[in-house]
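Worksheet: the structure to be examined is printed underneath.
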Amino acid sequence: MERWKGRVALVTGASVGIGAAVTRALVQHGMKVVGCARSVDKIEKLAAECQSAGYSGTLIPYKCDLSNEEEILSMFSAIKTLHQGVDVCINNAGLARPEPLLTGKTEGWRTMIDVNVLAVSICTREAYHSMRERNVDDGHIININSMSGHRVVPTTVMHFYSATKYAVTALTEGLRQELREEKSHIRATSISPGLVETGFAFKLLDNDPEKAAATYESIKCLKAEDIASSVLYVLSAPPHVQIGDIQLRPTEQIS
């Protein structure tokens, strides 16, 4: 991670869960991290914790609604003005709504597409342009995907979410191919976790907190820090090594 010290990383959905763990790890390793979310209270608290811990990097909280393209573009403009640009883009923000294919509400589907697919694509495009205009040829774009982007589980409330994560799988490979066509050495990686103990299930099943809690009690889940370790592994790979996809599951998870 030595070569990333002092360089700029953008982490979306940085306030909780995987995003917060990744943000903390990057700051600990000396990066200047712009952490964005719709609410920055928790990111501001995390920034204070990182500073108190004496981490060599810095955390800059930024309020951004990723379902709004204008806010995303404004964020990238601010990063350019204040920090020159983005060297690492970690598309972590994602969400699920309990909207089955046969009975779901269009609004919930649209929200998942806006955040899980379009925001990832917009941030990727803007990060690439930021790197290219500064002749940064060793940048990295990492998409926090899901095992739901590789198989469909028989759970109705997860089916549309799974479709958006299959899209992320295709977007990551498509990005890798386009970067090769451009003869760029910018790398693209997808990290696909299985069940991670975060607030994800509680948001998905907000009307049934007991069922959400049972999701995490059924097996020994991954921790957010496990995914942060995978991000560090990917960024630490030599520049000539392309890690296209990492899939990680709890050892007890069946599929």
- Query: Counting only N and O atoms by type, is there a donor-acceptor contact under 3.5 Å from the side chain of Asn92 to the main-chain atoms of Ile144?
  - Reply: no
- Query: If you count the non-hydrogen atoms of other residues, nucleotides and ligands that lie under 6.0 Å from CZ in Arg38, is the total more than 12?
  - Reply: no
- Task: Please indicate whether Glu49 has more than 12 foreign heavy atoms, meaning atoms of other residues, nucleotides or ligands, lying under 6.0 Å from its CD.
- Result: yes
- Item | Interatomic spacing from CD in Gln28 to OG1 in Thr23 - rounded to 0.5 Å | 12.5 Å
- Partner residues of Glu173 under the side-chain contact (heavy atoms from CB on, under 4.5 Å) criterion, sequence neighbours left out: Arg176, Gln177
- Query: Could you state the interatomic distance from CZ (Arg24) to OH (Tyr55), rounded to the nearest 0.5 Å?
  - Reply: 5.0 Å
- Query: For the residue pair Arg187 and Val241, what are the closest heavy atoms and their distance?
  - Reply: NH1-O, 2.7 Å
- If you measure from CG on Asn91 to CG on Asn143, what distance do you get to the nearest 0.5 Å? 5.0 Å
- Indicate yes or no for a side-chain donor-acceptor contact from Ser52 to the backbone of Ala48 under 3.5 Å, with no hydrogens or angles considered. yes
- Message: Please tell me whether Ile191 and Met31 are part of a single hydrophobic cluster in this structure, the criterion being side-chain heavy atoms less than 4.5 Å apart.
- Response: yes
- Pairwise distance NE2(His150) to CD(Gln247) - rounded to 0.5 angstrom: 4.5 Å
- Query: Going through the distances and angles, do Asp137 and Ser184 end up as a side-chain contact (heavy atoms from CB on, under 4.5 Å)?
  - Reply: CA-CA 6 Å; Asp137 197 41; Ser184 171; 3.5 Å; yes
- Query: Backbone N or O of Leu95 within a donor-acceptor pair of the Asn116 side chain at under 3.5 Å?
  - Reply: yes
- Task: Determine, step by step, whether Tyr233 and Ile243 satisfy the side-chain contact (heavy atoms from CB on, under 4.5 Å) criterion, reporting the C-alpha distance in whole Å, the side-chain angles of both residues, the deciding distance to 0.1 Å, and the verdict.
- Result: CA-CA 10 Å; Tyr233 170 73; Ile243 301 173; 3.6 Å; yes
- Query: Do any N or O atoms from the side chain of Gln253 and from the backbone of Leu195 form a donor-acceptor pair under 3.5 angstrom?
  - Reply: yes
- State, to 0.1 Å, how close Ser121 and Leu171 come at their nearest heavy-atom pair, and which atoms those are. OG-CD1, 3.6 Å
- Is Val22 reachable from Val234 through a run of hydrophobic residues whose side-chain heavy atoms are each under 4.5 Å from the next? yes
- Query: In terms of heavy-atom contacts, does NE2 of His185 have more than 12 from other residues, nucleotides or ligands at under 6.0 Å?
  - Reply: no
- Task: Spell out, yes or no, whether Ile18 and Ile141 are grouped together once hydrophobic residues are joined by side-chain heavy atoms under 4.5 Å, including indirect joins.
- Result: no
- Message: I need the minimum non-hydrogen distance between Leu222 and Pro193, along with the two atoms involved.
- Response: CD1-CB, 4.1 Å
- Can you hop from Ile246 to Ile227 via hydrophobic side chains spaced under 4.5 Å? yes
- For residues 213-226, the salt bridge (charged side-chain N to carboxylate O under 4.0 Å, His left out) pairs (sequence neighbours left out) are Glu197-Lys223
- Nearest heavy-atom neighbours spanning Arg151 and Val153: NH1-CG1, 3.5 Å
- Message: Under the criterion salt bridge (charged side-chain N to carboxylate O under 4.0 Å, His left out), I'd like the reasoning laid out for Glu133 against Lys80: C-alpha separation, chi angles, the key distance, then a yes or no.
- Response: CA-CA 11 Å; Glu133 70 184 11; Lys80 179 179 180 178; 3.5 Å; yes
- Message: Just to verify, which of Val88, Asp87, Leu82, Val136 counts as forming a side-chain contact (heavy atoms from CB on, under 4.5 Å) with Val8?
- Response: Asp87
- Query: Is the backbone of Ser148 close enough, under 3.5 Å, to the side chain of Ser162 for a donor and an acceptor to pair up by distance?
  - Reply: yes
- Item | Common cluster, Ile90/Tyr128, ILVMFWY with side-chain heavy-atom separation under 4.5 Å | no
Identify every side-chain donor-acceptor pair in residues 106-113 under 3.5 Å, counting partners at least two apart or on other chains, and give the distances.
residue, atom, partner, partner atom, Å
Trp109, NE1, Glu99, O, 3.2
Thr111, OG1, Glu107, O, 2.9

- How far does NZ of Lys165 sit from CE of Met158, to the nearest 0.5 angstrom? 9.5 Å
- Note on the structure: Hits for side-chain contact (heavy atoms from CB on, under 4.5 Å) against Leu232, two or more places apart or cross-chain, chain-then-number order -> Met1, Ala25, Leu26, His29
- Is it true that a side-chain atom of Ser130 and a backbone atom of Val86 form a donor plus acceptor pair closer than 3.5 Å? yes
- Within 6.0 angstrom of Leu101 CG, more than 12 heavy atoms from elsewhere: yes
- Message: What I'd like to find out is whether the side chain of Glu126 reaches to under 4.5 Å of the side chain of Leu10, using heavy atoms alone.
- Response: no
Atom pairs and distances, side-chain donor-acceptor, residues 56-69, under 3.5 Å, sequence neighbours left out:
residue, atom, partner, partner atom, Å
Ser56, OG, Gly30, N, 3.4
Asp65, OD1, Ser67, N, 3.0
Asp65, OD1, Ser67, OG, 2.7
Asp65, OD2, Ser67, OG, 3.2
Asn68, OD1, Glu70, N, 2.9
Asn68, OD1, Glu71, N, 3.3
Glu69, OE2, Arg125, NH2, 3.2

- Note on the structure: Here the pair of heavy atoms bringing Gln242 nearest to Ala188 is NE2-O, 2.6 Å
- Message: What I'd like to find out is whether the side chain of Leu175 reaches to under 4.5 Å of the side chain of Leu179, using heavy atoms alone.
- Response: yes
- Query: What's the verdict on side-chain contact (heavy atoms from CB on, under 4.5 Å) for Thr198 and Val16, showing C-alpha distance, side-chain angles and the deciding distance?
  - Reply: CA-CA 8 Å; Thr198 62; Val16 294; over 6 Å; no
- Check against side-chain contact (heavy atoms from CB on, under 4.5 Å), Ile142 and Leu235: CA-CA 9 Å; Ile142 299 175; Leu235 288 174; 4.0 Å; yes
- Message: What I'd like to find out is whether the side chain of Phe76 reaches to under 4.5 Å of the side chain of Cys123, using heavy atoms alone.
- Response: yes
- Between Gly35 and Ala14 the two heavy atoms that sit nearest each other are CA-CB, 3.6 Å
- Atom SG in Cys36, atom CD1 in Ile43: separation rounded to 0.5 Å? 6.5 Å
- Item | salt bridge (Lys or Arg N to Asp or Glu O under 4.0 Å) partners of Lys5, counting only residues at least two apart | Glu2
- Between Thr172 and Asp245, does any side-chain donor sit less than 3.5 Å from a side-chain acceptor? no
